[in-house]
Amino acid sequence: MCKNGYFDEEPIVVAPVKMPKGFDWDRDVDVVAKDISRLSEKGEIEFTAVEGNRRVATIKLLQDSKLRERVGVMDSYPALSDKQAAKDLNKIPCIVYRTREDVSPYLGVRHMIGNLKWESFARSYYTADVIDVDRVEDAGEASDIGRAKHDWRPL
C-alpha cells in the first residue's frame, strides 16, 4: 500500500453503525450510493468494516503518525512517502450492506469457496454458527449460505 496505493479489486465490506432515521434503502442503487456518500462526507453516517478490517487498520496506521506512536509501531511501521499512493488511500472502495448480519452470506461464500478456502472443520463450524444465529429450524436451509437471505445492495 505504501508504494501502490489500494487495489480497487478488493473492496472493503461495511455495515452502518449509525444511520439517519428514515433512511430509504429501497431506491435506485445509484441514488442510495450518492446519499450514503454525501452523509458520510458530512459525518452523519458511520460504518464498521466487517470484511477488510485489517486493510482499514493498515491504511489508518499509514496515514496517522500519532496513531502509529500510540500503538507502539512508530519505528517498525513503514512510512507513507509516495504521494500518489497516499492520495489513493484517502478513498477506498467498499460494498455497503444494510446490517452486519446481512454480510453473513457473503462471508460464507468468500471464505468457503474463495481464494483461501477453509478446511472442512472451519466450514462446518461457520455453518453451525449461521444456523444458530439465524435460528434456522431446518438444518437443510444451511445450503442458503451462498444466497443472500436478507435484502442487500452492493454499492
Taken in chain and number order and not counting sequence neighbours, the residues that satisfy side-chain hydrogen bond (donor to acceptor under 3.5 Å, both in side chains) with Asn4 are none
For Asp75, what residues pass the salt bridge (charged side-chain N to carboxylate O under 4.0 Å, His left out) criterion, not counting sequence neighbours? none
Within a 6.0 Å radius of atom NZ on Lys18, are there more than 12 heavy atoms belonging to other residues, nucleotides or ligands? yes
According to side chain to side chain contact (heavy atoms under 4.5 Å, CB included), who are the partners of Pro20, at least two apart in sequence or on a separate chain? Leu39
Distance from Tyr77 atom OH to Leu67 atom CG, nearest 0.5 Å? 9.0 Å
Could you go step by step and tell me if Arg55 and Ile92 meet the side-chain contact (heavy atoms from CB on, under 4.5 Å) rule? CA-CA 10 Å; Arg55 284 174 274 152; Ile92 57 173; over 6 Å; no
Would the distance check show the side chain of Arg68 and the main-chain N or O of Val73 forming a donor-acceptor pair, the cut-off being under 3.5 Å? no
Set of side-chain hydrogen bond (donor to acceptor under 3.5 Å, both in side chains) partners for Lys42, sequence neighbours left out: Glu44
Tell me whether Tyr6 contacts the main-chain N or O of Glu10 through its side chain, where contact means a donor paired with an acceptor under 3.5 Å. yes
Lys34: partners by side chain to side chain contact (heavy atoms under 4.5 Å, CB included), with sequence neighbours left out: none
Residues in ring-ring contact (aromatic ring centres under 6.0 Å, His included) contact with Phe7, at least two apart in sequence or another chain: none
If you apply the rule salt bridge (charged side-chain N to carboxylate O under 4.0 Å, His left out), what do you find for Asp8 with Lys91, and how did you get there? CA-CA 10 Å; Asp8 291 347; Lys91 275 193 171 183; over 6 Å; no
Given side chains that start at C-beta, do those of Ile36 and Trp25 come closer than 4.5 Å, heavy atoms only? yes
Beyond-backbone contact of Met74 with Ser65, side-chain heavy atoms, under 4.5 angstrom: yes
